[in-house]
Amino acid sequence: MALEDNFRKVTPYVPGEQPKIPNLIKLNTNENPYPPAPGVRDALLKLAEDPSVLRKYPAPDCEILEEAIADYYGISRDRLFVGVGSDDVLSMAFLTFFNSKKPVLFPDITYSFYDVWAEVYGIPYKQIPLDENFEIRAEDYRMENGGIVIANPNAPTGVAKPKAWMEDFLKEHTDTVVIVDEAYVDFGAESVIDLIDKYENLLVVQTFSKSRSMAGMRIGMAFGSKLLIKYLKDVKFSVNSYTMNTTSLLLGVEAIRDDAYFREKVQAVIATRERVKLQLKSLGFVFRDSKTNFIFASHPAMDASEIMKKLRERGIIVRHFSKPRIDQYLRISIGTDAEMDELIKALAEILHR
Ligand SMILES: *Cc1c(COP(=O)(O)O)cnc(C)c1O
């Protein structure tokens with residue numbers, strides 16, 4: 001018998017690369033091009049002056065951060081869960097709520113971590129094809145299931161469903177947990193947070209990584225009924241009591257408090273995105289409308305991996321997925337105006353326009 005015969009074997013999720021190339025224009029992981037709120041810097045400086053607080057374990061109940069988030073969204077703390085990025089929150093939610101022999105349903109083209117978590121936890125799942133316009137068809141989900149996961153807006157397509165559609169969908173699925181992953185919702189889509197009182201089985205997941213410029217800090221959260229949050233917290237405390245470190249708790253509070261800064265930067269990303277849409281269109285790119293901080297685009301005259309390669313030679317990186325149905329698309333994150341000008345210039349050169 002070989003040592004690894006009884007090991008758990010999984011094919012891991014592959015995150016976008018973080019290369020150490022100087023002056024790189026990095027448009028491959030949907031990071032926010034703007035720094036976190038100024039209060040985050042002040043809180044870091046304060047911590048640097050007196051780091052003795054790091055001697056102690058962090059608050060296992062994440063009190064200060066939960067209070068700040070609960071206050072911002074006007075909900076009680078017993079309907080809120082925070083974790084180490086929404087990846088941690090989603091992973092805990094899969095472990096907690098998907099414990100059935102029936103398959104968990106999610107689209108074939110969506111965040112590619114969902115099937116990885118299903119595999120690592122041994123959860124049966126079924127990927128439901130999006131239609132040819134990358135739209136979810138509600139009728140395809142009408143089957144017995146162990147739960148449903150919908151990213152809204154979806155990634156990497158950028159396509160968003162309106163709130164009314166989401167509510168109709170929720171009305172059809174009240175027997176199992178429906179997770180709505182709203183990682184990009186702040187960039188112009190509609191949240192279903194205010195439906196958590198109406199649908200006890202709804203878990204809404206959001207993150208500080210994109211709209212709040214804190215991907216490096218790892219803060220994510222879930223909103224749901226008291227019932228869901230209780231079970232989620234029970235599982236978290238059965239795995240690791242101290243998921244959130246003291247620095248994340250302190251800096252997260254500052255990031256959520258500064259609403260004016262948040263709105264200003266989200267608006268800046270949206271304005272850049274809308275301009276870039278027009279420029280990509282005039283270069284001949286085709287894409288579904290995006291309500292996120294990225295555009296998922298294809299060019300009828302040039303192979304996507306070829307475009308990606310040529311952009312890279314010019315110091316610009318974007319994301320490409322070598323997967324059926326989407327291998328002719330590039331996912332281009334929205335950077336600063338200056339970065340996007342460089343991108344458009346490079347694309348015009350590559351396409352000889
Ligand atoms: C970025 C992303 C996440 C994970 O974000 P965290 O950095 O872990 O908070 C989750 N879901 C989707 C769809 C994403 O794009």
Side-chain angles (χ1 to χ4, degrees), residues 16 25-40 69 72-73 86 110-111 133-135 150-166 180-194 204-217 219-221 255-283 285-298 316-319 329-345 347:
I25 297 183
K26 197 172 169 302
L27 307 175
N28 69 327
T29 50
N30 298 341
E31 287 144 341
N32 196 307
Y34 302 108
V40 171
I69 297 172
Y72 183 83
Y73 288 96
S86 53
T110 190
Y111 189 40
N133 295 316
F134 294 152
E135 292 282 351
I150 302 284
N152 192 45
N154 197 9
T157 64
V159 175
K161 285 291 193 196
K163 191 174 165 190
W165 187 96
M166 291 300 298
V180 180
D181 180 352
E182 296 188 337
Y184 299 101
V185 77
D186 294 328
F187 297 105
E190 295 176 288
S191 176
V192 289
I193 285 186
D194 60 1
V204 181
V205 179
Q206 291 194 5
T207 176
F208 280 39
S209 295
K210 279 78 183 226
S211 57
R212 293 181 193 276
S213 304
M214 298 272 274
M217 215 57 240
I219 304 171
M221 65 273 204
I256 197 95
R257 258 188 203 152
D258 198 341
D259 192 44
Y261 181 89
F262 165 72
R263 284 170 193 267
E264 179 191 316
K265 293 309 178 214
V266 161
Q267 276 314 312
V269 170
I270 291 173
T272 305
R273 177 188 74 204
E274 294 307 308
R275 169 175 74 87
V276 170
K277 281 180 188 170
L278 300 177
Q279 290 173 307
L280 288 177
K281 269 199 187 114
S282 69
L283 287 171
F285 280 93
V286 290
F287 48 89
R288 288 298 318 277
D289 194 32
S290 167
K291 294 262 190 262
T292 63
N293 67 339
F294 59 84
I295 296 170
F296 194 56
S298 171
I316 302 173
I317 53 172
V318 298
R319 190 93 194 256
Y329 283 81
L330 295 174
R331 195 193 66 190
I332 305 166
S333 306
I334 303 299
T336 61
D337 279 310
E339 287 173 328
M340 300 318 274
D341 287 347
E342 288 298 315
L343 169 83
I344 296 296
K345 211 174 88 196
L347 287 173

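All residue numbers in this chain count up from 1 along the given sequence.
- Closest of all the heavy-atom pairs between V269 and N293 is CG1-CB, 3.8 Å.
- Side-chain contact between M217 and P36 is absent, with no heavy atoms from C-beta onward closer than 4.5 Å.
- In this structure, the side chain of N32 does not engage the main chain of R212 through any donor-acceptor pair within 3.5 Å.
- With rounding to the nearest 0.5 Å, the separation of OG in S333 from CE in M340 is 8.0 Å.
- Side-chain contact check for E339 versus P33: some heavy-atom pair is nearer than 4.5 Å.
- By the ring pair (Phe, Tyr, Trp, His ring centres under 6.0 Å) test, Y73 is found to be paired with F223, residues two or more places apart in sequence or in another chain being considered.
- Judged by distance alone, with hydrogens and angles left aside, the side-chain atoms of K210 form no donor-acceptor pair with the main-chain N or O of D186 at under 3.5 Å.
- One finds the OG1 atom of T336 at 8.5 Å from the CG atom of L27 (value rounded to the nearest 0.5 Å).
- The shortest side-chain heavy-atom distance between V40 and M214 falls under the 4.5 Å cut-off.
- Nearest heavy-atom pair across Y111 and D181 is CD2-OD2, 4.1 Å.
- Residues K265 and S213 fail the side-chain proximity criterion, which asks for heavy atoms closer than 4.5 Å.
- In this structure, the separation between CD1 on I332 and CG on L347 is 6.0 Å, given to the nearest 0.5 Å.
- S86 places no side-chain N or O within 3.5 Å of a backbone atom of V205 that could act as its donor or acceptor partner.
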Self-check item: Residues D259, R263; criterion salt bridge (charged side-chain N to carboxylate O under 4.0 Å, His left out); working and verdict
Solution: CA-CA 6 Å; D259 192 44; R263 284 170 193 267; 2.7 Å; yes
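- Distance alone, capped at 3.5 Å, is enough to place a donor-acceptor pair between the N152 side chain and the K161 backbone.
- Here Q279 pairs with R275, V276, I344 under the side chain to side chain contact (heavy atoms under 4.5 Å, CB included) rule; sequence neighbours left out.
- Shown here are the ring pair (Phe, Tyr, Trp, His ring centres under 6.0 Å) partners of F187, two or more places apart in sequence or in another chain: there are none.
- Between the S298 side chain and the Y329 main chain, no donor and acceptor come within less than 3.5 Å of each other.
- Residues passing the side chain to side chain contact (heavy atoms under 4.5 Å, CB included) test with A155 are Y184, F294, sequence neighbours excluded.
- What you find for I316 and L343 is that their closest heavy atoms are CD1-CA, 3.8 Å.
- Going from atom CH2 of W165 over to atom CD1 of I150 covers 5.5 Å, rounded to the nearest 0.5 Å.
- Residues Q267 and I270 have side chains in contact (heavy-atom distance under 4.5 Å, counting atoms from C-beta outward).
- Proximity of E182 to V192: side-chain heavy atoms (C-beta onward) are separated by under 4.5 Å at one or more points.
- Proximity of T157 to R288: side-chain heavy atoms (C-beta onward) are nowhere separated by under 4.5 Å.
- Listed for the E31 side chain is no donor-acceptor partner under 3.5 Å among the backbone atoms of G216.
- Shown here are the ring pair (Phe, Tyr, Trp, His ring centres under 6.0 Å) partners of F285, two or more places apart in sequence or in another chain: H299.
- Every side chain to side chain contact (heavy atoms under 4.5 Å, CB included) that P35 has, sequence neighbours left out, goes to Y261.
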